[in-house]
Amino acid sequence: MIPSGALQVNNAMWWPCCVLLLCSLLGRFTTGSLAQEQPLCPSNLTYTGSADATGRATARVLPDQAKVSVTVSSTQRTPTEARASGTTAFDLVANALRSAGINDTGIQTTGFQVEPNYAGDAYYARGQVPSNFTYSQTIEITSEPEELGSYIDAAVETGGRDVRVGSVSFSISRDLAQETLDGLRGIAVANAVKSVTVMIEAAGGSMGTTISITDNSYPPYVPYASPTTSYRDSGALAADAALPTTELFSGLVDVDADVRVKIAICSNPP
């Protein structure tokens with residue numbers, strides 16, 4: 001049987017031991033965290049500060065996406081007639097595009113309207129009877145750059161006077177932009193490290209560990225856009241069965257990687 005006095009003594013000794021053990025563990029954890037946060041230098045050198053620099057890298061990439069705006073319209077005496085005529089013309093153009101090889105995911109409606117037309121200025125013609133009505137539907141065609149010209153030809157040759165071609169734009173897809181940037185980031189970091197090395201060594205210091213790397217790279221937006229000829233006012237040309245094929249030039253897109261690197265400066269102790 002354990003005397004009650006001994007039990008009280010053991011309890012009194014146990015709690016201080018727990019407190020000491022807990023403090024010891026917290027001390028080790030705190031010391032380790034602080035040590036990890038400090039930039040590392042070779043054993044014979046002391047951390048005295050940091051230096052940072054920007055690194056850049058650029059690549060010129062051939063666009064892999066192209067877009068064009070195509071509007072099909074028809075003007076008739078009444079809204080019903082305009083819509084019926086315009087819808088027929090649009091269906092012919094859409095079917096011609098499908099026959100040329102584009103699928104429905106490559107066509108997006110971006111505008112649709114039936115509006116009245118007046119003999120004079122529309123502002124001063126309020127309350128007057130419209131002279132006629134115009135139906136129009138605008139679609140955006142997205143394809144690979146080398147295929148876009150054939151889709152423009154298909155729309156113009158089928159729609160004739162009812163088709164108006166808008167502007168063409170070329171861009172690179174997100175996948176291509178990401179792939180290109182991934183390759184450029186490594187070069188940009190190497191350029192930044194080179195700049196920091198020159199500065200630190202010029203100041204008489206030595207390179208330590210890398211403290212941080214910040215990526216300021218952004219994929220390009222719409223790198224190139226060029227207006228194309230409007231075929232709405234060129235009825236004779238659009239009706240000519242011997243139309244030449246449309247040739248488009250996409251050019252190259254600049255993709256830039258921009259990073260900032262901070263590195264520890266290590267020096268001889270005083």
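Given the structure is predicted, the values throughout are model-derived calculations rather than measurements.
In this structure, the side chains of Lys262 and Thr214 stay at 4.5 Å or more apart for every pair of heavy atoms. Contact check for Ser69 versus Thr138: side-chain heavy atoms found under the 4.5 Å cut-off. In this structure, Met207 and Ile263 have side chains that are in contact, with non-hydrogen atoms separated by less than 4.5 Å. Asp254 has its side chain out of reach of Leu252: every pair of non-hydrogen atoms, C-beta onward, lies at least 4.5 Å apart.
Put simply, the side chain of Ser85 never gets that close to the backbone of Glu81: no donor and acceptor are under 3.5 Å apart. Distance alone, capped at 3.5 Å, places no donor-acceptor pair between the Thr87 side chain and the Ala84 backbone. Between the Asp91 side chain and the Ala94 main chain, no donor and acceptor come within less than 3.5 Å of each other.
Among residues two or more places apart in sequence or in another chain, the salt bridge (charged side-chain N to carboxylate O under 4.0 Å, His left out) test is passed with Glu146 by none. Every ring pair (Phe, Tyr, Trp, His ring centres under 6.0 Å) that Tyr135 has, sequence neighbours left out, goes to Phe112. Checked against side-chain hydrogen bond (donor to acceptor under 3.5 Å, both in side chains), Asp64 has the following partners two or more places apart in sequence or in another chain: Ser173.
Distance check, rounded to the nearest 0.5 Å: OG of Ser169 to CD of Gln65 gives 9.0 Å. Of the inter-residue distances, the one linking Ser74 atom OG with Asp162 atom CG reads 5.5 Å to the nearest 0.5 angstrom. Between atom OG1 of residue Thr134 and atom CZ of residue Arg83 there is a gap of 14.5 Å, rounded to the nearest 0.5 Å. Taking OG1 of Thr210 as the reference point, atom CG of Asp52 lies at 12.0 Å (rounded to 0.5 Å). With rounding to the nearest 0.5 angstrom, the OG1 atom of Thr142 is 12.0 Å from the CD atom of Glu147. Note that CG of Leu40 and OG1 of Thr209 are 5.0 Å apart. Values are rounded to the nearest 0.5 Å.
In terms of heavy atoms, Ile172 sits closest to Pro63 at CG2-CA, 3.7 Å. For Val72 against Val163, the heavy-atom pair with the smallest separation is CG2-CG2, 4.3 Å. Taking every heavy atom of both residues into account, Ala57 and Leu184 meet most closely at CB-O, 3.6 Å. Ala264 approaches Ile200 most closely through the heavy-atom pair O-CD1, 3.9 Å. For Ala192 against Thr54, the heavy-atom pair with the smallest separation is CB-C, 4.0 Å. Between Leu62 and Ser250, the shortest heavy-atom contact is CD1-OG, 3.9 Å.
Leu181 and Ile213 sit in two unconnected hydrophobic clusters of ILVMFWY residues. Membership requires side-chain heavy atoms under 4.5 Å apart, directly or through other members. Hydrophobic clustering (side-chain heavy atoms under 4.5 Å, transitive across Ile, Leu, Val, Met, Phe, Trp, Tyr) keeps Phe133 apart from Phe90. At a threshold of 4.5 Å between side-chain heavy atoms, the hydrophobic network of Ile, Leu, Val, Met, Phe, Trp and Tyr places Val253 and Leu176 in one connected group. Ile211 and Leu45 end up in different hydrophobic clusters when Ile, Leu, Val, Met, Phe, Trp and Tyr side chains are linked at under 4.5 Å. No path of Ile, Leu, Val, Met, Phe, Trp and Tyr side chains, each step under 4.5 Å between heavy atoms, connects Leu92 with Ile139, placing them in separate hydrophobic clusters.
No donor-acceptor contact under 3.5 angstrom links the side chains of Asn132 and Thr75, judged on distance only. For the residue pair Thr246 and Asp153, a side-chain donor N or O sits within less than 3.5 Å of a side-chain acceptor on the partner. Side-chain contact annotation: Gln137 with Thr109, donor-acceptor N/O pair under 3.5 Å present.
More than 12 heavy atoms of other residues, nucleotides or ligands sit less than 6.0 Å from atom CZ of Arg185.
If you run side chain to side chain contact (heavy atoms under 4.5 Å, CB included) between Ile152 and each of Leu97, Leu248, Ile141, only Leu248 comes through.
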